[in-house]
Amino acid sequence: MVELLAASGALSIIGALFSLLLVRWDSAAKFVGCAFGVLAALASLASGLLAIVSEPFLLTAPTVFWFADFTLLWNPLAGLIVVVISLLSVAAWIYGFSYFDEYRGQGIGQIGFYMHLFIISMLLVVLSDNAFWFLVLFELMSLTSYFLVVFDQTKQSIRGGFMYFVMAHVGFMMIMAAFFVMAWASGSFEFSAFRALELPIGMASVVFVLAFVGFGIKAGMLPFHSWLPQAHPAAPSNVSALMSGGMIKIGIFGIVKVAFDLLAGSDCQLWWGLAVLVVGVVSSVLGIAYALMEHDVKKLLAFSSVENIGIILIGIGVALVGCATGNLLVASIGLMSGLYHSLNHAMFKGALFLGAGSMIYRTHTRNIDQMGGLSKFMPVTAITFLIAVISVCAIPPLNGFASEWFTYQSLLTAALQGDGVVMGFMAFAAAALAITGALAVICFIKCYGVAFAGKPRVNLPDEPREAPTSMVFGTALLALMCIVLGLGVAFVAPFMQDIASATLGISAVTVASGAVVSIPGSDTAISLLVVAVVLLVLTLLLRGILGIFNSRHGAGVRDDAWACGYLPDLSMPPSSGTFATNVRGFFGPMYDARDAVVERKSLVMRAYEGLVSFLKKLEPMADKYLVDGVTSFAKRIGVASRGVEGGDYRRYIGYIVIVLAISLILTVAVG
């Protein structure tokens, strides 16, 4: 495991350096960066898989900081997140072989440099077992991803980057406060010392709330989700897949690690679980409700990530309720469902973002109303996108259904085995999850139907064609994982149960027998392989019956939409607004409240921009009235520093990232 991660880190560093050195030669920088990225991701994938099936392994190396050794821990939970990040990275790098051509002349080498640092920092954050290095690496992850968000330097990307930068550091400060409380109580920054603590209920609750909100901001839960639809659409599409599928899972990882690992010696409180459950319910319902109103395909997918983070939090909330009430079965199944959905969401949301990137790559628009009929021009992209859509809608037999089935089972088990209060909360969460599923179906029927199946509403300047091979392959890889994780649920679920049980420190329960998955003590069981076969037979049977009927009666299928006997034109096919009309009426007050908050935020942004403009206007006045000697000295300093400045704040962020990376390399080397 150690050797594989070291190889992955070395390949990432080499890829990052060569990407930067070849920055003037886009083709070379693209090929070298992506090739080293694929190799590094495959090595880290192997390391993560070994961590899942092996005993925990701790690596400690002394550093120049006497108070903080460089400590890495391979355990099943960390291994799962490493696997998630690595799978997404393989697909994203393969996708980049063609997709990065979109950024020719803008510095492809810089994208490769920061993308390598972003991925390796995510991996090291997950493995870090020391609070100091966790925070350092967490900051490196935030800064590198920030640079990728603002890379386009458009007004939208700068706004999105600013929102992300602020929210990321608010969350960082809360996480740091939680760790400092535990460090003060234990006298050490080592997580092993945190685990041995028996904190008073009040102090443990403070740590939990700080960590939950801090990591929840990184995960994008409501009401701290506003950066997600701002930042994710602004980033390159393969980076969006990494951020939405991988980076926000580090927020989930942090919540799980603090609640079930670092606070293992303290008493778990029932209200912790109920609070997480309520936040999960609100995030899931409102997240998909906001997504339903979006016409921008990448913003729609970003809001959908808020929904799925909510579903994951529902599972974690159930697990916390189980721990607080001493019901280990509920705790185990709840945590397993949350972790399983984390893996599944990474796969189908990564495929959706890569598919959306292919759509944008060919149509040059993110507005789904300006697409239409893409299945005719981009058939492979249409198929992979459809697989991901079926998964995100939790329709059997794919992976989204598999993890949501376990989430429902955890809610039902907790309700049946809990008291009146617990039963009420679980029933409320189950109803909300059902509403979420219904809205998700409407949302993605809108997205797929308008973009791929519907007639074009506008005439695009160029006729779309299939995306380049590497982009199709990267998307298809994640779509294939959606199928495997769904049909193979009976094989995957026991591993997920082992991870959940190891995190909780309890014995694993049996959740699969042969091709059937079930919950101990429940009469409910299902086999997605059988479901898949039945659905296939019914589909072929229905297709055959329709074919016979059409051949006998001379009926056929028209290519154009039925329009009540009128000749259809471009204005008549359904638009994205058609699907959302009724939902808009139902959730009208909520949307109005959101618009009011967004308007207030825009006023704050305008005030900030006005202040910057005012300060710039003061510069000529300052130059005019300063003493000649001071002015001359300042000019000499300015000329001398011109080589490292230039007014581009991306460069300043880059200096910070480079210093952090060099410090990390030197520390490990000295150790």
Side-chain angles (χ1 to χ4, degrees), residues 26-27 30-31 34 88 91-106 108 111 148 151-152 154 156-157 232-242 244-245 294-302 304 348-390 392 444-480 559 570 573-576:
D26 284 341
S27 295
K30 178 190 71 171
F31 179 80
C34 291
L88 288 169
W93 284 119
I94 293 174
Y95 191 88
F97 276 110
S98 297
Y99 177 73
F100 284 147
D101 288 335
E102 194 87 333
Y103 294 89
R104 285 188 178 275
Q106 300 180 48
I108 293 176
I111 297 180
L148 292 166
F151 185 81
D152 276 344
T154 62
Q156 182 182 10
S157 67
H232 287 197
S237 293
N238 53 349
V239 175
S240 297
L242 279 169
S244 187
E294 285 295 335
H295 305 275
D296 183 320
V297 62
K298 291 185 75 173
K299 283 190 175 182
L300 182 151
L301 295 178
S304 172
F348 61 66
K349 190 51 62 67
L352 287 169
F353 265 113
L354 295 185
S358 297
M359 295 155 61
I360 297 165
Y361 187 83
R362 289 308 191 199
T363 62
H364 308 290
T365 179
R366 297 196 327 220
N367 190 334
I368 59 177
D369 281 331
Q370 295 180 7
M371 300 177 186
L374 292 183
S375 60
K376 189 178 297 184
F377 307 106
M378 307 175 70
V380 182
T381 298
I383 293 171
T384 55
F385 199 86
L386 179 61
I387 291 171
V389 163
I390 294 172
V392 73
F444 283 95
I445 285 177
K446 174 192 86 170
C447 180
Y448 187 86
V450 173
F452 286 98
K455 292 286 185 180
R457 295 176 63 87
V458 298
N459 294 317
L460 296 172
D462 300 311
E463 185 176 277
R465 61 187 188 279
E466 187 57 84
T469 303
S470 69
M471 294 172 66
V472 170
F473 188 83
T475 310
L477 176 64
L478 297 181
L480 178 62
D559 290 333
L570 289 178
S575 67
S576 60

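Predicted, not measured: the structure shown is a model, and the values here were computed from it.
In plain terms, the two heavy atoms of Q370 and T365 that are nearest each other are OE1-OG1, 3.1 Å. Taking both residues in full, the closest heavy atoms of S157 and A234 are given as CA-CB, 3.6 Å, listed atom of the first, atom of the second, then distance. V297 and A356 make their closest contact through CG2-CB, 4.0 Å (heavy atoms, listed as atom of the first residue, atom of the second, distance). Contact between L478 and G350 at its shortest, heavy atoms only, is CD1-C, 3.5 Å. When every heavy atom of D296 is checked against every heavy atom of K298, the shortest pair comes out as OD1-N, 3.0 Å. Minimum heavy-atom separation, C34 to G96: SG-C, 3.7 Å.
Side-chain atoms of R366 come within 3.5 Å of backbone N or O of P233 as a donor-acceptor pair. Under a 3.5 Å cut-off, the side chain of T384 and the backbone N or O of A476 do not form any donor-acceptor pair. A donor-acceptor pair under 3.5 Å links the side-chain atoms of Y99 to the main chain of S237, judged by distance alone. Checking side-chain atoms of T363 against main-chain N and O of M359 turns up a donor-acceptor pair under 3.5 Å. Between the side chain of Y95 and the main chain of S358, a donor-acceptor pair closer than 3.5 Å is present. Looking at E102, its side chain never comes within 3.5 Å of a backbone N or O of Y361 through a donor-acceptor pair. The main-chain N or O of W93 is never found under 3.5 Å from a side-chain atom of N238 such that the two would form a donor-acceptor pair.
With rounding to the nearest 0.5 Å, the separation of CG in L148 from OG in S240 is 10.0 Å. Between the CG atom in L88 and the CG atom in L477 there is a gap of 9.5 Å [rounded to 0.5 Å]. Summarising the geometry, atom CG belonging to L352 is positioned 11.0 Å from atom CD1 belonging to I387; distances are rounded to the nearest 0.5 Å.
Enclosure of atom CZ in F31 is not indicated, since only 12 or fewer non-hydrogen atoms of other residues, nucleotides or ligands lie within 6.0 angstrom. By the 6.0 Å contact criterion, CZ on F473 is open, its count of non-hydrogen atoms from other residues, nucleotides or ligands being 12 or less.
In this structure, L301 and K349 have side chains that are in contact, with non-hydrogen atoms separated by less than 4.5 Å. Considering only heavy atoms from C-beta on, R362 stays 4.5 Å or farther from L374 through its side chain. By the 4.5 Å heavy-atom criterion applied to side chains, T381 and T475 are not counted as neighbours. The shortest distance between side-chain heavy atoms of Q106 and I111 does not fall below 4.5 Å. In this structure, the side chains of F444 and S304 come closer than 4.5 Å at one or more pairs of heavy atoms. The shortest distance between side-chain heavy atoms of E294 and C447 does not fall below 4.5 Å.
Between Y448 and F385, the ring-plane angle classifies as parallel under the 30° and 60° cut-offs.
Every salt bridge (Lys or Arg N to Asp or Glu O under 4.0 Å) that K30 has, sequence neighbours left out, goes to D101.
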